[in-house]
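The next block holds one structure in the form of structure tokens; read it before the comments.
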Amino acid sequence: MQKKQIGLKLIRILESTKATQYFILYTIGLLSYGIGSSLFLNNVFLETIVIKSDRVTLKFVGALCVLIGIGILLFIVYQYYKKVSLKQKMIKAIQNYILLVFVMGLIIGGIGKLIVAFTNRDYDWVKQFIWILTTLMQGELRFILIYYCLTLYKDQKFDWKSKGFFKLLLGVCLLLGLSILCRLLYPLLGTVVMFITDMIMMTGIVYFELFNQKKEN
């Protein structure tokens, strides 16, 4: 009996260690992708900070970072896919996410065209308005997708009415709103803030759901 208990404890420790390793790898993948796309491939950042002769090199480094980040994240997704039991639900969730992003893009684009056609707003104002809406909606949808996939991983039922989910969603909305405001007021600083916001959102929800709740249990 004691041997079985010791064996179970060892298995739990190994699983916890593996989950921690995957989380660290997931964070590295996000950092690599985020640094590449948000900084080294960002024209506002490059034109303000970097000497013109060095921009080509940094763009190459940025593209390399993005590719490495995507590779790591695809590996993490594959590992997740192997472990999750409700694979069809996960695939359907991703399909719905892509469909919603596409439809949302069409709707917001249509709203932008209507504003240009029937108001005196200039193109730059409409472009900024579309960017704000798109950033908010895509951020919220991305958070919901990750949260839902984590509930599948834990074999739990997704309850969109739960207080915990609502608080996290509200927190994400607040973070996105602040980062967007910062980007509008201070474009260079806002680029860094938006990158940090994405990191907090993408890693925070995973840590909270996988590690913090285990401690509470």
Side-chain angles (χ1 to χ4, degrees), residues 26 29-30 33-34 36-38 41-44 66-67 69-70 73-74 76-78 80-81 84 86-154 156-184 187 190-191 193-195 197-206 208-209:
Y26 168 72
L30 286 176
Y33 178 84
S37 60
S38 298
L41 296 180
N42 186 289
N43 288 327
V44 174
V66 167
L67 289 174
I70 290 173
L73 293 174
L74 284 175
I76 295 297
V77 169
Y78 174 69
Y80 163 81
Y81 181 79
V84 72
L86 301 171
K87 290 180 171 57
Q88 290 301 318
K89 283 192 174 183
M90 186 204 79
I91 293 170
K92 190 174 181 181
I94 294 173
Q95 289 174 341
N96 288 337
Y97 168 78
I98 294 170
L99 180 62
L100 281 171
V101 169
F102 177 73
V103 172
M104 181 190 67
L106 291 177
I107 292 171
I108 294 176
I111 292 171
K113 287 183 178 180
L114 289 174
I115 292 173
V116 171
F118 295 101
T119 67
N120 296 323
R121 298 290 184 180
D122 58 22
Y123 175 76
D124 289 335
W125 186 94
V126 175
K127 186 179 177 181
Q128 195 173 75
F129 172 76
I130 290 172
W131 174 78
I132 292 170
L133 280 183
T134 303
T135 303
L136 273 173
M137 296 300 293
Q138 285 188 357
E140 295 286 351
L141 287 174
R142 191 162 61 245
F143 161 75
I144 293 170
L145 174 66
I146 294 171
Y147 185 91
Y148 179 76
C149 287
L150 287 170
T151 59
L152 292 179
Y153 178 79
K154 297 187 296 181
Q156 293 179 355
K157 186 179 179 181
F158 175 70
D159 183 12
W160 63 273
K161 293 181 181 179
S162 69
K163 289 182 180 180
F165 173 72
F166 179 75
K167 286 179 181 178
L168 287 171
L169 190 64
L170 194 62
V172 168
C173 188
L174 183 62
L175 273 175
L176 287 170
L178 290 172
S179 64
I180 287 170
L181 182 62
C182 187
R183 176 73 179 269
L184 293 174
T191 299
V193 171
M194 291 204 74
F195 165 61
T197 299
D198 279 339
M199 283 299 301
I200 291 171
M201 185 178 73
M202 300 285 281
T203 58
I205 176 61
V206 175
F208 179 81
E209 287 297 313

For residues 103-121, dump all side-chain donor-acceptor pairs below 3.5 Å to protein atoms at least two apart in sequence or in another chain.
from : atom 1 : to   : atom 2 : distance (Å)
T119 : OG1    : I115 : O      : 2.3
T119 : OG1    : R121 : N      : 3.4

Taking atom OG1 of T197 and atom CZ of F195, what is their separation to the nearest 0.5 Å? 10.5 Å
Non-hydrogen side-chain atoms of Y148 and K89 separated by less than 4.5 Å: yes
What is the distance from atom CD1 of I205 to atom CG of L145, rounded to the nearest 0.5 Å? 11.5 Å
Quick one: OH on Y81 to SG on C149, what's the gap to the nearest 0.5 Å? 12.0 Å
Out of curiosity, S162 OG to K157 NZ, how far, rounded to the nearest 0.5 Å? 11.5 Å
Measure across L150 and Y80 and return the closest heavy-atom pair with its distance rounded to 0.1 Å. N-OH, 4.5 Å
Could you check if a side-chain atom of M137 sits within less than 4.5 angstrom of a side-chain atom of L100, using non-hydrogen atoms only? no
Y33: partners by side chain to side chain contact (heavy atoms under 4.5 Å, CB included), with sequence neighbours left out: S37, V66, I70
Just wondering, do F166 and D159 contact through their side chains at under 4.5 Å, heavy atoms? no
Nearest heavy-atom contact between L136 and G177 is CD2-N, 4.3 Å
Would you say that I132 contacts L184 through its side chain, given a criterion of any heavy-atom pair below 4.5 Å between the two side chains? yes
Excluding sequence neighbours, so at least two apart, what forms side-chain hydrogen bond (donor to acceptor under 3.5 Å, both in side chains) with T135? W131
Between G139 and L176, the two heavy atoms sitting closest are CA-CD1, 3.8 Å
Heavy-atom closest pair, residues Q138 and V101: NE2-CG1, 3.8 Å
Should I98 and F102 count as side-chain neighbours, where that means a heavy-atom distance under 4.5 Å? no
For F129, which residues count as a ring pair (Phe, Tyr, Trp, His ring centres under 6.0 Å) partner, sequence neighbours excluded? W125
Mind checking whether L174 and L170 have side chains closer than 4.5 Å, heavy atoms only? no
Using a 4.5 Å cut-off on heavy atoms from C-beta on, say whether the side chain of I144 contacts that of F165. yes
How would you list all residue pairs meeting salt bridge (Lys or Arg N to Asp or Glu O under 4.0 Å) that involve residues 124-151, not counting sequence neighbours? R142-D198
Any side-chain heavy atom of M90 sitting closer than 4.5 Å to one from L86? no
Interatomic spacing from SG in C173 to CE in M201 - rounded to 0.5 Å: 11.0 Å
Y26: which residues meet the side chain to side chain contact (heavy atoms under 4.5 Å, CB included) condition with it, sequence neighbours left out? F23, L30, L73, I76, I146, M202, T203, V206
How many angstroms lie between atom NZ of K154 and atom OG1 of T151, to the nearest 0.5 angstrom? 7.5 Å
